[in-house]
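Presented below is the structure to which this report refers.
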There are 2 protein chains.
Amino acid sequence: MTSRQVRGRNVGRPTLEEVAARAGVGRGTVSRVINGSPRVSEQTRQAVEAAVAELGYVPNTAARALAANRNDAIALVVPEPERRFFAEPYFSEIVHGVGVALAETEIQLLLTFAGGDRQRQRLAHYLAAQRVDGVLLVSVHADDPLPDMLASLDLPAVISGRRSADEPLASVDSDNFAGGRAAVRHLIERGRSTIATITGRLDVYGAQRRLDGYREALTEAGRPVEDGLTAIGDFTEEGGRRAMTELLARRPDLDAVFAGSDVTAAGARQVLREAGRRIPDDVALVGFDDSAVARHMDPPLTSVRQPVEEMGQAMTELLLAEISAVADRRPPASRRMDRQQLVLPTRLVTRQSS
Amino acid sequence: MTSRQVRGRNVGRPTLEEVAARAGVGRGTVSRVINGSPRVSEQTRQAVEAAVAELGYVPNTAARALAANRNDAIALVVPEPERRFFAEPYFSEIVHGVGVALAETEIQLLLTFAGGDRQRQRLAHYLAAQRVDGVLLVSVHADDPLPDMLASLDLPAVISGRRSADEPLASVDSDNFAGGRAAVRHLIERGRSTIATITGRLDVYGAQRRLDGYREALTEAGRPVEDGLTAIGDFTEEGGRRAMTELLARRPDLDAVFAGSDVTAAGARQVLREAGRRIPDDVALVGFDDSAVARHMDPPLTSVRQPVEEMGQAMTELLLAEISAVADRRPPASRRMDRQQLVLPTRLVTRQSS
DNA sequence: ATCACCGGTGGGAGCGCTCCCACCGTACCT
DNA sequence: AGGTACGGTGGGAGCGCTCCCACCGGTGAT
């Protein structure tokens, strides 16, 4: 571990003590004003605020973090390589939702990637070193050790997309099951007879639930669930292409595809077009996410809308609540008690592809 | 400023002192081992490392930051709303390049947005509060106060895309001028006679330089530069549509368009298609960035490739160098001296759109 | 008049680390 | 033998803040 040495005293920046001297009060009083304590007289408060303004004082957060164990920062951890992150509009909306929830606070959002092993390890260090008050986790696979690590650090955390039916962490998820079911019900209503599906990786709980919804819709309509009509993808465009190629080879008679994500649907569409199938005439296509991709596809893609932005917002609110619980020294057991599992509704948006 | 109180002592996590006791050495020695100082005997080092491993010790960065004024973290600041950030593949590649450059270090990358005023202010606080060792700035407009703020904080910073010919900050840029010129030379070679261009906002230096390249190519070919053939866009798809509509109204006879970015080109293509112009038969189209958008467009888009990932990497290297310069207490004047202005070459990638 | 109380305040202690000075012993010189 | 040098080490001081206890003076009850 060869580590650069960044030294150099904090030159020029005013300290609490200097503000106190300037305002003619004690250190404690300035601290109280800075932190908005009510136990300060109006007059004193104004004197301190004037001194703060004159000196351009900004509290040193390292010192604050050390003394108070508070960081005023939360991390959004993405256990994916950067490329995936940017490729999927899902993340963009999550981030925006988080931003909305944070707008009224003084809390800074930090985005960190943990794609590779190296990055993963660095992140683990970073978190263990107490640099954030809480963690937002998105797109976590079932076998990821990260959540357990967070639990052992007793660091507040909220996960997007439960990893299983009994998620120990607080979580926010969309109703993937109902979404998948709605998509397939819709295809049935449109008179499609041979409905295939391209899933995400099935160790992702949401992907599994969408598949469950697909099956449920078929079953409740009295139709068989045929294995040959299910292809496993991975929510990427490339995966969509691969899966669609497989499906077409196995079941050239298919006339509808429910894709586990819009991006997957884009990949599938390419293959369908190359195979000379018209959409929706020959094959109806439904995606999931209702992202920009869906709107710009040709023809525009029917898709299941997840309230992604709201999910980001909800996650943040849960996290802030848990952070205050820690701050109020509520015992871990009690905090574990009311960890919420939020499930937000999905909605089918019909367009020309089906 | 109502601020949550996050208290609760750092329970359970071992400290330097505990490691020292365990290893039977002094605090200083443990610190030396942790920081990779060579002035420790092999035997002692091993004893300390064993103690660190047994206790699962991780240095508290808040304490380190306070004592040493070192954060082992840099921020990538994006003065744009989140949506823009994700919409443009440019950023994704920058982030990836930064990741590559950081791979061998212990430095954590933090992504921060500063789109709105509120976010902007929070970021200013965050930076002033000394939470990072340096800042990477991307996509900065000429009138943005952020760079000056950084300068006044004496915080190492590197900017991507100079703001003007005499950029005071260290910067990394691609050769926008040569790129624009190459694009237009290519269109001329292809026998196009009426070549229009859609620029970005001209207060973005790079956009201006691309336009300069466009003009240069025309001039050196002995052709006039006609104002009616230039439309100002803003590097967005919507802007591309708007600009293309304008151009078509003004000069229905145009037979080629050089768009300032791929995304802009995508907008332009839509309008051209709606107007019944075939690409490349009626109108040749060239973009800039050579992003995924270019490859997936129909027809695939000829585009000027910027080495974006390399830019991210180069920026990071410059920043790390400047950070060590600060660490070595080199005086500000001397550091200003050798702030580099890197310009990386661009390359035309021809595809079916031209 | 005495006391308890309470809003408001000052400042000591301490968070966990780095920096640096003082000190140890050994090796090598004169 | 004494001196110098130097790799290796311990621990005090201090980074800038928060927390909390002690203390101040004024108010109202007894």
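This structure is a prediction, so every number in the text was calculated from the model and none was measured. Just so it is clear, the values below take in all heavy atoms, side chains as well, and ignore hydrogens, waters and symmetry mates. Residue numbers start from 1 in every chain, and the chains themselves are labelled A, B, ... in the order their sequence lines are given, proteins ahead of strands.
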- Residues at least two apart in sequence or cross-chain that pass salt bridge (charged side-chain N to carboxylate O under 4.0 Å, His left out) with A:Asp154, listed by chain then number, are A:Arg335
- Item | Distance, rounded to the nearest Å, where A:Arg70 contributes CZ and D:dT18 contributes P | 7 Å
- Message: Heavy atoms only, 4.0 Å cut-off, all strands: where does A:Thr61 land among base, sugar-phosphate and nothing?
- Response: nothing
- Hey, are the side chains of A:Leu76 and A:Leu109 touching, using non-hydrogen atoms and a 4.5 Å cut-off? yes
- Give the minimum heavy-atom separation between A:Ile159 and A:Met315, together with the two atoms involved. C-CE, 3.9 Å
- Item | Rounded distance (Å) that lies between atom P of C:dG14 and atom CG of A:Asn69 | 17 Å
- Task: Kindly write out the residues that satisfy salt bridge (charged side-chain N to carboxylate O under 4.0 Å, His left out) with B:Arg27, not counting sequence neighbours, or none if the list is empty.
- Result: none
- Message: Please report the distance, rounded to the nearest Å, between CZ in A:Arg39 and P in D:dA22.
- Response: 16 Å
- Message: Once salt bridge (charged side-chain N to carboxylate O under 4.0 Å, His left out) is applied, do any residues pair with B:Glu322, and if so which ones, sequence neighbours excluded?
- Response: B:Arg339
- Query: For the pair made of OH in A:Tyr57 and C1' in D:dG16, what is the distance, rounded to whole Å?
  - Reply: 7 Å
- Task: Give a yes or no on this: more than 12 heavy atoms of other residues, nucleotides or ligands lie within 6.0 Å of atom CG of A:Asp117.
- Result: no
- Query: Where along residues 24-32 of chain A does a heavy atom fall under 4.0 Å from DNA chain D?
  - Reply: A:Arg27, A:Ser31, A:Arg32
- B:Leu66 has its side chain closest, among D:dT9, D:dC17, D:dG16, to D:dG16
- CZ of B:Arg13 versus P of C:dC15: gap in Å, rounded? 16 Å
- Item | Listed once per pair and sorted, the ring-ring contact (aromatic ring centres under 6.0 Å, His included) pairs that draw on residues 94-124 of chain A, sequence neighbours left out | A:Phe85-A:Phe113
- Task: Kindly say if A:Asn35 contacts the phosphate of D:dT18, meaning a side-chain N or O under 4.0 Å from OP1 or OP2.
- Result: yes
- Under 4.0 Å between a side-chain N/O of B:Ser41 and OP1 or OP2 of D:dT9, yes or no? yes
- To 10°, what angle do the rotation axes through the five end pairs on each side of the helix from C:dA1-D:dT30 to C:dT30-D:dA1 form? 50°
- Item | Whole angstrom value for the distance that separates P of C:dG16 from CG of B:Leu16 | 10 Å
- Nearest-Å distance, CD (A:Glu17) to P (D:dC17)? 9 Å
- Task: Quickly work out the A:Glu18 CD to D:dC17 C1' distance and round it to whole Å.
- Result: 13 Å
- Indicate whether OP1 or OP2 belonging to D:dT18 is found under 4.0 Å from a side-chain N or O atom of A:Arg64. yes
- Query: Does a side-chain N-to-carboxylate-O contact under 4.0 Å join B:Asp144 and B:Arg163?
  - Reply: no
- Worked check of side chain to side chain contact (heavy atoms under 4.5 Å, CB included) between A:Val158 and A:Leu137: CA-CA 6 Å; A:Val158 177; A:Leu137 272 167; over 6 Å; no
